[in-house]
There are 2 protein chains.
Amino acid sequence: MIDNKYDIILDAASQVFACEGFHKAKISKIAEIAGIGAGTIYLYFKNKEAILEEIFLRSWSRIESKLLEMKKIKNMTPLQKIAEITGEIIELIYSNVSVAKILLYEYSFWNSNKKEKLSKTVENSQKLIEELITDGIKANIFRKDMNPKDATMFIIGGVWFWIASKSDDLLSYSKEELTDTLFNYIIYGLK
Amino acid sequence: MIDNKYDIILDAASQVFACEGFHKAKISKIAEIAGIGAGTIYLYFKNKEAILEEIFLRSWSRIESKLLEMKKIKNMTPLQKIAEITGEIIELIYSNVSVAKILLYEYSFWNSNKKEKLSKTVENSQKLIEELITDGIKANIFRKDMNPKDATMFIIGGVWFWIASKSDDLLSYSKEELTDTLFNYIIYGLK
DNA sequence: ATGAACAATGAACCATAATTCATTAACGTG
DNA sequence: CACGTTAATGAATTATGGTTCATTGTTCAT
C-alpha cells in the first residue's frame, strides 16, 4: 500500500484520467478517490497539468531507462532486445493499468512544445527505438525497405491502441502471454 | 472551395481540433477561421460535441463503406483487399489532413458509450476488419497464432499514429508511396 | 422601393470546475 | 500539557469559455 500523499494523489489521478480523460477529470474526484480534501492536492502539485506531467514522466522514464540498458548490452540481437523492451512495457502496465490508457492519449499534444524535461524523455525513447530498428536492418534481421522513424511511430501507436482496447481485461492474462502477443505483432505484422 | 456554411464550419473545426485538441479548442476560434460569428455555429450544430461527432461520423462512414464494398467482392485475396482499404484511408487523409489527428486523439473516449450512430459505425468497421483478418487466416495467408480482434486494434492504432506523426508532411509524399508504406507495416511488421 | 421572413451577429449570460485561502486539525517538543 | 509549527480542509473565489438571444443585416417577392 502506498502511504505518502504524493503517490496516493498520482495513483488516484491515474485512475480518474484514464476513465474520464484529462480534461473531463475533476480535481474533486481525484481528491475523493485519494481520500483527501481538494485543496490538499495543491500542496503537492502546482496544478492539474503538473499531475499528468509527472505521470507521463515516470512512465516514459521507465521505458527510457530500459531502452538505454538494452543499448549498452552488446551480446543480444535486436530481436531479443525488442522482446525485453516489450516485456518492460507489459510490466509497466501491470503495475498500473490505468496509466496505459493515459500514457499516449495526450501524447500528440504534449510532445510538441510544452515541458522541456518530458518531451526530451519521450524524444529520447523514440530515438532509441529508431536506433534499435536501424541496427536490426543493418544486421539483415528486419526489412530493408523501411524508414525506422515511420516504423517506430507505427509500433508505438499499435502497442498503445492494443493496450487501450484491452485495458481492464489486461490483468486476466499472464505477463508472458501478453509480452508474446505484442512481440509478434511488432515483428511479424499479419504474416 | 467549400461554399456552404455547414461544411465551412466542419473544416474550420477540423483545423482547430487538430491543433488544440477538442477540449482546448474554442468555438470563438472556429468561428474566426470559418469567417463567421460564434453564434452562427449554433444555427448549424447543436453544440460543440456535435461538430466533432459529425467529423468522426463522416470519416468512419467512408472507411466503413469501403470495407463493405470489399466484403462483397469475391475474386480478391485478403491481401489485395487490405491494399485497397489502405488506399482509401490515404485518400481520406489526403482530402483532410487535420482529421487524422482528431480521429486518433479522441477515439478511445468516444467509441465506448456515447452516440448510438457513431459507435455503431466504428464498431461495424472493426468487425469488418476482423472478418477480413479471419478470412486471411483461413486462407493460410496470415499467421495462425493471432487473435483477429487484437490484430485489428494493433493495426488501427499503428495506422493512426503513423499518420498523426507525419500529419503536415503527409502531403509531400505521393498517395502511392504512402499506401505502399502503410500496407507493408500492416502485413509484414518489422520483417 | 417596401417590408416580411430569414440569417447572422457578438455581447452578455451562465455553468463548470480549477484554484485560493481563512480556518481548523494534527503533530512534535520543551 | 501548552504552544508553536506545519498540514489539511473545503467553502468561496475566479477564470474560462460554451451557449443564448435581443438586435441587426440580408434577401427577395410584390
Side-chain angles (χ1 to χ4, degrees), chain A residues 1-57 98-99 101-102 105-106 109-110 112-115 118, chain B residues 1-57 98-99 101-102 105-106 109-110 112-115 118:
Chain A
M1 181 51 195
I2 317 167
D3 61 341
N4 68 318
K5 285 238 167 61
Y6 191 82
D7 286 340
I8 290 174
I9 293 168
L10 279 181
D11 197 60
S14 298
Q15 290 174 50
V16 182
F17 288 162
C19 104
E20 320 267 2
F22 175 71
H23 292 281
K24 282 196 193 139
K26 298 183 201 140
I27 289 287
S28 58
K29 183 81 182 171
I30 295 173
E32 186 196 322
I33 290 181
I36 59 178
T40 310
I41 290 177
Y42 289 86
L43 299 178
Y44 295 87
F45 294 91
K46 191 161 89 344
N47 54 29
K48 191 177 158 187
E49 250 190 20
I51 306 176
L52 182 58
E53 206 185 313
E54 179 63 17
I55 294 173
F56 269 23
L57 196 55
S98 37
V99 153
K101 262 187 99 174
I102 319 163
Y105 177 66
E106 296 287 338
F109 295 97
W110 279 69
S112 45
N113 37 12
K114 290 271 180 181
K115 312 301 164 175
L118 174 61
Chain B
M1 181 51 194
I2 316 165
D3 62 341
N4 68 319
K5 286 236 167 61
Y6 191 83
D7 287 340
I8 290 175
I9 293 168
L10 279 181
D11 198 61
S14 298
Q15 290 174 49
V16 182
F17 289 162
C19 106
E20 321 266 2
F22 175 71
H23 293 281
K24 283 196 194 141
K26 298 183 201 136
I27 289 286
S28 57
K29 182 80 181 172
I30 295 173
E32 187 195 322
I33 290 182
I36 60 178
T40 309
I41 289 178
Y42 290 84
L43 298 179
Y44 294 87
F45 294 91
K46 190 159 91 343
N47 53 28
K48 191 177 158 187
E49 249 189 21
I51 306 175
L52 183 57
E53 207 186 313
E54 179 64 17
I55 293 173
F56 266 30
L57 196 55
S98 37
V99 152
K101 261 185 103 173
I102 307 167
Y105 182 67
E106 296 292 334
F109 293 96
W110 277 70
S112 45
N113 40 12
K114 289 276 179 180
K115 311 300 164 174
L118 176 59

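Worth saying up front: this structure is predicted, and the values here are computed from it rather than measured. All heavy atoms count here, side chains included; hydrogens, waters and symmetry mates do not. Just so we're on the same page: letters track the sequence lines, and every chain starts at 1.
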Euclidean distance, atom [atom1] of residue [X] to atom [atom2] of [N] [Å, nearest integer]:
{"X": "A/His23", "N": "D/dA15", "atom1": "NE2", "atom2": "C1'", "result": "16 Å"}
{"X": "A/Lys26", "N": "D/dG10", "atom1": "NZ", "atom2": "C1'", "result": "16 Å"}
{"X": "A/Glu32", "N": "D/dG10", "atom1": "CD", "atom2": "P", "result": "12 Å"}
{"X": "A/Lys24", "N": "D/dT16", "atom1": "NZ", "atom2": "P", "result": "21 Å"}
{"X": "A/Ile30", "N": "D/dG10", "atom1": "CD1", "atom2": "P", "result": "16 Å"}
{"X": "A/Lys48", "N": "D/dA15", "atom1": "NZ", "atom2": "C1'", "result": "14 Å"}
{"X": "B/Ile27", "N": "D/dT20", "atom1": "CD1", "atom2": "C1'", "result": "13 Å"}

First locate atom CD1 of A/Ile30, then atom CD1 of A/Ile51, and finally report the distance between them rounded to the nearest 0.5 Å.
-> 5.0 Å
CD1 of A/Ile55 to CG of A/Leu118: how many Å apart, nearest 0.5 Å?
-> 11.5 Å
Partner residues of A/Tyr6 under the ring pair (Phe, Tyr, Trp, His ring centres under 6.0 Å) criterion, sequence neighbours left out = A/Phe45
Can you list the residues that meet the side chain to side chain contact (heavy atoms under 4.5 Å, CB included) rule with A/Ala34, with sequence neighbours excluded?
-> A/Ile8, A/Ala12, A/Ile36
[X] near the nucleic acid: base, sugar-phosphate alone, or nothing, with a heavy-atom cut-off under 4.0 Å?
{"X": "A/Ala25", "answer": "sugar-phosphate"}
{"X": "B/Ile36", "answer": "sugar-phosphate"}
{"X": "B/Phe45", "answer": "nothing"}

Look at the side-chain N and O atoms of A/Lys5 and state whether any lies under 4.0 Å from the OP1 or OP2 oxygen of D/dA8.
-> yes
Flag side-chain contact, heavy atom, 4.5 Å: [X] against [Y]:
{"X": "B/Glu20", "Y": "B/Lys26", "answer": "no"}
{"X": "A/Leu52", "Y": "A/Lys48", "answer": "no"}
{"X": "B/Tyr44", "Y": "B/Leu10", "answer": "no"}

Does anyone know the first and last nucleotide of DNA chain C in reach of chain B, 5' to 3', at under 4.0 angstrom to a heavy atom?
-> C/dA8 to C/dG10
By side-chain hydrogen bond (donor to acceptor under 3.5 Å, both in side chains) - contacts of A/Ser98 (at least two apart) = A/Asn96
Quick tally for nucleotides 21-26 of chain D: nucleotides whose base has a protein heavy atom under 4.0 Å get B, sugar-phosphate-only ones S, the rest -, giving ------
Please answer whether the main-chain N or O of B/His23 pairs with a side-chain N or O of A/Lys24 as donor and acceptor at a distance below 3.5 Å.
-> no
